[in-house]
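Order of the sequence lines sets the chain letters (A, B, ...), proteins ahead of strands, with each chain counted from 1.
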Amino acid sequence: MPHDLPKAYEPGAIEARWAEYWVREKLFSVPTPSKAEDSAQGIAGGGARATSDGRRPVFTLLLPPPNVTGRLHMGHMLNQTQMDIIVRWHRMRGFLTLWLPGTDHAGIATQMMVERQLASEGKKRRDLGREAFIERVWEWKRHYGGAILDQMKRLGASVDWDREYFTMDDGLSRAVIEVFVRLYEEGLIYRGKYIVNWCPRCETAISDLEVKHEEVQGKLFEIRYPVVGADEFIVVATTRPETMLGDTAVAVNEKDERYKHLQGKNVLLPLMNREIPIITDELANPEFGTGAVKVTPAHDPNDFQAGLRHNLPQIDLMDEHAHMNQNAGPYAGLSRYAARERVLEDLRAQGFLVGEKDYTIAIGKCDRCGTVVEPRLSTQWFIKIKPLADRATEVVENGEITIVPENYKQIYLNWMHNIHDWCISRQLWWGHRIPAWHCKCGEIIVAREAPAKCSKCGESELKQDTDVLDTWFSSGLLPFTTLGWPEKTRDQEVFYPTTLLITAYEILFFWVARMIMFGCHFMKGHQQDPALKQASGWADKKDDSVPFRQVYIHALVRDADRQKMSKTKGNVIDPLEIIQRFGTDATRFTLAAMAAPGTDIAFSESRTDGYRAFANKIWNAARFMFMNVDRAEQAGVWKQQEFLKGLEAGLRPALAGSETRPHMGVPGFQPLTLEDHWILSRFHRVTKDVNEAWQTYRFHEAANRIYDFFWGDFCDWYIELMKPRLAPQNDAEQASAGVACGNLVSLFEASLRLLHPVMPFITEEIWHAVYDGHPPLKSIALAAYPQADEQQFDLAAETNMAIVQDLIVSVRNLRAELKVEQKQKVPIQVYSQDAEIKSLLEQNQSAIQRLAGVESVTFVETSLSQLAGARSTARFDVHVVYEKKIDVAAERQRLTKELEQMEKEIASSTRQLGNEQFLAKAPAKVVEGMRQRLAELEVLREKVRSSLDQLGRSGK
RNA sequence: GGGCGCUUAACUCAGCGGUAGAGUGCCAUCCUCACACGGUGGAAGUCGUAGGUUCAAAUCCUACAGCGCCCACCA
């Protein structure tokens with residue numbers, strides 16, 4: 001196959017093609033392994049070897065299901081990228097890897113979406129009726145619900161599409177009902193009339209978590225209530241004067257001397273002219289305001305509690321739209337805000353309003369639509385959370401579940417300790433309908449199936465509860481319901497607990513906490529297949545009821561100005577647009593490279609542009625490789641197919657614990673020269689670091705290491721150094737050309753595998769090209785991830801290479817200083833008193849000549865440091881022989897500056913080395929290092945000084 | 001009212017106890033047969049401020065300032 005790749009990397013077509021290929025070929029599908037099957041044979045296409053006990057380790061990851069209404073944003077993309085990296089990395093290491101995708105029915109969001117659609121047709125949901133409306137939502141879902149997952153496919157997410165779920169699927173819905181019924185039977189679900197957060201726009205109750213507080217400038221109004229039968233007033237303060245219409249008491253603190261004499265008396269509620277009692281209750285804080293507080297049990301959670309304590313009537317003033325109802329008397333029909341204005345006017349007119357102060361108040365807004373939430377008295381279903389929370393607290397405290405970064409652990413625990421009962425009913429139509437049936441007699445029957453008749457009175461006409469469940473109720477169950485619960489399945493034995501959850505901080509409470517509570521409760525007593533558990537490295541974990549072993553919380557992606565992205569601000573960066581401009585791989589790389597744990601990411605296009613250049617660099621290195629492979633093949637010094645055959649054995653992932661680990665090195669690589677030994681050592685080093693970084697979710701570190709290795713070591717040095725070997729000048733060089741070619745290919749191939757989890761597309765493309773379109777595996781994603789062999793670290797090669805590089809860079813420096821023209825080659829002189837170094841430099845003379853633009857190298861026996869155009873290091877002096885006059889002033893300036901810095905460092909080192917405390921307390925390594933450095937510096941200083949002297953003499 | 005995070009080169013960010021780093025941008029130079037999305041060389045930071053701990057602090061502690069986030073039923 002002719003390797004005629006375009007000169008510049010064009011990601012668009014390539015990425016779309018592979019994304020489609022991965023899905024079509026079902027490369028990441030994982031059928032349920034049977035007990036016999038999951039041993040020796042590979043399951044996920046890769047066909048990895050088994051561990052010595054015959055089992056493959058398992059890695060399971062649940063995709064946080066996006067809302068069906070969702071559109072891909074940067075947060076998704078970061079999340080996806082990190083998950084895909086970790087998943088691909090595990091798969092390539094031979095794990096039986098399941099990544100489970102799906103979407104969430106997203107109750108309120110979806111219902112709103114369809115309601116909006118209806119509105120454009122001039123209809124309302126009630127015009128259609130419940131059934132027709134729900135059918136309409138399903139229709140919407142069929143049309144548009146797949147969009148978000150399609151977008152994820154484009155990112156290359158290596159999920160198992162055969163297991164895709166939707167939270168309203170039949171199976172999952174049955175599981176939801178089962179959970180509800182069981183919790184009810186256990187007394188953990190109750191129904192009651194309480195104050196809940198009510199969204200007047202969505203016309204439903206919402207949970208505490210769905211309320212977002214916002215500080216606004218408001219007013220604190222002081223109203224006086226005349227005391228009945230006394231010629232005085234009691235003054236109360238409120239930020240919501242309209243609720244005074246529903247006051248049923250005024251509370252004072254029992255110990256408050258100011259009001260002792262009024263306890264037990266009544267006040268006359270202004271405007272309503274109703275007598276209400278003055279009660280004593282802890283609700284009233286003597287320190288605050290006047291110490292007296294109005295009590296409105298139907299419109300404030302605290303007042304509600306106080307009302308219960310004192311058996312006060314609850315006067316509900318508003319309807320579901322937060323408009324005043326008939327209980328508000330003359331104010332009925334007004335919105336709460338209009339009512340507020342009117343009440344204030346009237347109070348003012350009648351002389352009851354005595355104070356008005358600026359006051360900052362935190363108002364609660366609906367998470368979905370931003371409408372100010374109304375605390376509203378209504379009958380709802382709740383989960384008694386404490387028993388569930390206790391176990392969910394325990395498993396995080398005792399490390400059965402670990403949270404990374406660790407500071408989120410405390411945040412989680414704090415929240416768990418202050419948790420309130422969870423309101424799970426929603427007055428919506430779209431969602432899992434509550435499995436409770438109401439009878440005229442008042443009986444409520446909770447059951448898995450619709451009951452035929454009332455269990456109490458025998459009535460057969462029963463009505464199902466009209467409420468649906470909070471969306472998070474069903475998503476909290478996913479770790480086990482997606483694996484077939486309530487059935488006991490093989491899937492559960494293999495894949496539960498899932499291994500990891502990667503998600504955003506925002507849903508730590510919404511979702512993560514709920515999954516832990518439900519998982520621990522409903523999977524209590526569950527045991528993962530012990531052999532698989534051990535093979536996967538979780539033998540030390542005792543509790544298999546947890547939904548996952550680890551949670552990784554990723555950062556928030558902000559815009560370039562560190563602002564949180566939001567539609568209202570209009571600063572949303574569309575990942576698809578970024579992808580189009582820079583490519584998916586470059587975008588993925590950017591997110592990985594910027595994802596240092598614990599800090600938010602301010603998305604930077606310039607960084608992405610830099611990584612696009614990186615992709616291009618990889619591309620062109622590949623072109624270089626193919627060019628040489630083709631050339632060598634034609635020259636007959638190299639047999640591509642034969643060589644690749646040799647690599648195949650080492651390509652499949654082997655597992656930790658198996659005896660042969662052929663994938664460890666760079667298969668087929670034969671180190672002959674210094675640069676060969678050096679690059680092999682570097683490869684193993686970077687491989688070690690990268691694997692460690694993935695293991696601990698230090699994505700940025702892994703990405704940066706790979707980047708530096710590929711560009712810095714491999715392209716800038718290795719390829720440049722080996723070029724002459726690839727182009728043999730005579731027969732004698734032919735053989736080594738073959739080896740060089742093989743080294744280039746094998747190192748490149750191994751690097752592609754190292755890179756693949758971050759940049760899946762370009763690596764897949766080049767990898768297939770390496771195999772002329774006939775690779776031994778269907779995808780590089782199924783090949784082995786490189787593992788480091790520390791035996792291959794070659795300190796000598798790295799040290800020697802550093803010296804050669806140092807010399808080359810020194811000469812390049814001098815050339816620039818002397819203003820030698822780029823094309824002009826210059827002779828150099830080299831001096832070293834160390835025979836080994838001298839011989840090293842002699843051996844690498846041709847490399848030095850080529851890479852530093854040198855015409856000839858002469859080794860001399862005396863120091864060169866006093867010459868103009870010379871540079872000295874601790875190991876050698878080098879002199880560029882070039883007659884063009886150097887810029888004396890500039891050179892003096894440079895040397896002076898250098899000298900100053902040296903003096904500074906020498907002074908501080910000398911001071912430290914003279915400090916007994918330092919010598920006594922600092923580690924020997926540090927002291928020794930400083931001594932050596934000081935010695936070198938002192939030698940160098942002399943050289944620089946004499947150069948300066950020389951300049952002074954020859955100057956002008 | 002509680003809790004948390006950030007402040008390092010012009011910009012975006014790493015580093016988090018032992019000689020200040022990267023990408024982009026900038027300057028100079030080179031279109032050398034992989035790559036100008038490139039090569040080579042260079043300039044650029046008293047690591048927010050003030051104290052403290054330490055032989056040693058960008059790195060640990062305290063306070064302060066600025067920015068930001070989360071949680072919270074006190075009128």
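- Stem regions annotated for RNA chain B: B:1-7 with B:65-71, B:10-13 with B:21-24, B:26-30 with B:38-42, B:48-52 with B:60-64, counting only runs of 3 or more consecutive pairs of Watson-Crick or G-U type with both contacts under 3.5 Å.
- Here the P atom of nucleotide B:rC37 and the CZ atom of A:Arg607 are 20 Å apart, to the nearest Å.
- Protein atom CG of A:Leu814 is 17 Å distant from nucleotide atom P of B:rU40, rounded to whole Å.
- Of the candidates B:rC74, B:rA72, B:rC37, B:rC37 carries the atom nearest the A:Ala8 side chain, counting heavy atoms from C-beta on.
- For the pair A:Tyr412 OH and B:rC4 P, the interatomic distance rounds to 20 Å; values are reported in whole Å.
- Listed by residue number, the members of residues 712-721 of chain A with any heavy atom below 4.0 angstrom from RNA chain B are A:Cys715, A:Asp716, A:Ile719, A:Glu720.
- Of the candidate nucleotides B:rG23, B:rG18, B:rA34, B:rA34 has the atom lying nearest to any side-chain atom of A:Lys723.
- Listed candidates were B:rU19, B:rC37, B:rG18. Nearest to the side chain of A:Arg933 is B:rU19.
- Protein atom CZ of A:Phe582 is 14 Å distant from nucleotide atom P of B:rC37, rounded to whole Å.
- Of the listed nucleotides (B:rU40, B:rU24, B:rA34), B:rU40 has the atom at the smallest distance from the side chain of A:Gln822.
- With no hydrogens or angles considered, no side-chain donor-acceptor pair links A:Ser846 and A:Gln849 at under 3.5 Å.
- In this structure a side-chain-to-backbone donor-acceptor pair under 3.5 Å is missing from A:Thr243 to A:His299.
- In this structure A:Asp300 satisfies the side chain to side chain donor-acceptor pair (under 3.5 Å) test with no other residue, sequence neighbours excluded.
- A gap of 6 Å separates the C1' atoms of B:rA9 and B:rA44, to the nearest Å.
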